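Shown next, in structure tokens, is the structure this report addresses.
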There are 2 protein chains.
Amino acid sequence: MALTTSAATPHPLQTPAHRLEENAEQNRREILAAAALAFMEQGYAATSIDTVAIRLGATKGRIYYHYRSKADLFFEVHREAMLMNLEVIRPIAGSDTAAKERLRRMALAHAHLVMEHLPFQRVSVQGVEMHLTGSTTPEQRSTLQSLIAMRDEYEGFFIDVLEAGIASGDFRELSARMVVKPLLGALNWLTMWYRPAPGETAGMRAQIADQHAAFVLGGVLNR
Amino acid sequence: MALTTSAATPHPLQTPAHRLEENAEQNRREILAAAALAFMEQGYAATSIDTVAIRLGATKGRIYYHYRSKADLFFEVHREAMLMNLEVIRPIAGSDTAAKERLRRMALAHAHLVMEHLPFQRVSVQGVEMHLTGSTTPEQRSTLQSLIAMRDEYEGFFIDVLEAGIASGDFRELSARMVVKPLLGALNWLTMWYRPAPGETAGMRAQIADQHAAFVLGGVLNR
DNA sequence: GTCTATACTAGGATAGAC
DNA sequence: GTCTATCCTAGTATAGAC
């Protein structure tokens, strides 16, 4: 091995800036994924930074260099999950389709999101129950607010399609704000029991997603 | 105040044995209720025995006298919740009613159970996600097994009525084992968002329960 | 039966070496 | 940028007084 070549982390002067940022970005994503996995398996409170680090084949130091605190790490995982979901659902919610079909597609997409990004989605559900109210810094509180705003926006997409369907007579005359809870609850419950089977195919996930979409659609349909 | 009268805890020789046991039983129930509340608000891992004790206006000593460990305390709360649910649902599930109506009543009852015993039910949901697999003693593992058995029995009641409805053609041709997940998920999601409003009436809860029962019934109905 | 005092450990977070 | 070493608090659990 040549003594003059750089270590794993190249010297800034030898590397274009954007390349560096890519690496840093990649690094952070790797940490987030490991954290999401740990939070899914043990829950936020029971997860130690050490176990996340070990998962990465590293030590605390690496994590604390990139994230101020365990709470911040959790928030980043949560934000990542919300951004992902909004990005997928927003175009479907905004599409010019009958409420019935639109809701079916949204439910289908959400079920797929949950199954295919399970660790992040599990964290996102833990975020709902999050009990960080006491010990958070004012800075973290504002982060928490923005996460809640994203969640509200997301729920809003479903409320909108429900109201459209009620107005058109496709759906029963129900309270959209109320029924959106069991609707998303049925889908999010996947995070509680679904774990990918060893040799699972996309077809098996599609079947689960179909069943769930049919279930929640039936739940609001007029007959 | 007479000097000869007993303190809060009377001497055994002055009190009939069954009376003593009632007091002990009452004492444990009080601890369980405080623990359930704390576990609901902060989650199992983030709850300290100290905070449960403070809630009781007592100290750790009182709790550790009655329960060996925090895990045992959690298990007792969980068991209490499961016993409660089984007791309510079993007779409905066993009643000689058409599947459609039977499921509606079971869903209604479950929704009411969740709302009216929220702390215990929230713990029961936390139990599903429970990650105690590593650090439990063999004794605790067997307790955990019995809790899982109760949960399976409970879920079984819903699977049975679903299969009856499929056989009779009232429900769609779906996999009962699969659809029971979003069904109970929709109802259990109540533990995530429902909190009794300050001056809440039984009528308001009945309305929520009705909406939920209608939703899950619609989810499986044939059309 | 409940309290106070205390032993003991895990884990969040930081400092400084490399 | 990551590691090692360390500080420090919080919290489980127990012992012994009352």
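Values below: every heavy atom of this structure, side chains too, minus hydrogens, waters and symmetry copies. Letters A, B, ... are given to chains in the order of the sequence lines, protein chains preceding strands, and every chain is numbered from 1. Everything numeric in this text was worked out from a predicted model, so none of it was measured.
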Item checked: Rounded distance in Å - CZ (B:Arg28) to P (C:dG1) -> 11 Å
Margin query: Whether B:Arg28 engages the ring of B:Tyr67 as a cation-pi pair (distance to the six-membered ring centre under 6.0 angstrom, angle to the ring normal within 45°) should be assessed.
Written below: yes
Margin query: Side chain of B:His66 only, heavy atoms from C-beta on: which candidate in C:dC3, D:dG1, C:dG1 is closest?
Written below: C:dG1
Checklist line | Among D:dG1, C:dC3, D:dC3, the nucleotide that comes nearest once only the side chain of A:Thr59 is considered | finding: D:dC3
Notebook entry, point to check: When the distance from CZ of B:Arg62 to C1' of C:dA5 is rounded to whole Å, what number comes out?
Noted result: 20 Å
Next item on the list: Any chance you could list the contact pattern along nucleotides 11-18 of chain C? Use B for base contacts, S for sugar-phosphate-only contacts and - for none, protein heavy atoms under 4.0 Å, 5' to 3'.
Entry: SBBB----
Notebook entry, point to check: CD1 of B:Ile63 versus C1' of C:dT4: gap in Å, rounded?
Noted result: 15 Å
Checklist line | Interatomic distance where CD belongs to A:Gln26 and P belongs to D:dG1 [whole Å] | finding: 15 Å
Next item on the list: Identify, with sequence neighbours excluded, every residue that meets side chain to side chain donor-acceptor pair (under 3.5 Å) alongside B:Glu80.
Entry: B:Arg29
Margin query: Whether B:Asn27 contacts C:dT2 is assessed here as follows: a side-chain N or O lying under 4.0 Å from the phosphate OP1 or OP2. Is that the case?
Written below: yes
Check: Would you say the side chain of A:Met40 lies within less than 4.5 Å of the side chain of A:Gln121, judging by non-hydrogen atoms?
Finding: no
Check: Looking at residues at least two apart in the chain, or sitting in another chain, which of them share a ring-ring contact (aromatic ring centres under 6.0 Å, His included) with B:Phe158?
Finding: B:Tyr154
Next item on the list: May I ask you to decide if the ring planes of B:Trp193 and B:His212 are parallel, tilted or perpendicular, using 30° and 60° as cut-offs?
Entry: parallel
Check: Hey, are the side chains of B:Arg90 and B:Phe157 touching, using non-hydrogen atoms and a 4.5 Å cut-off?
Finding: yes
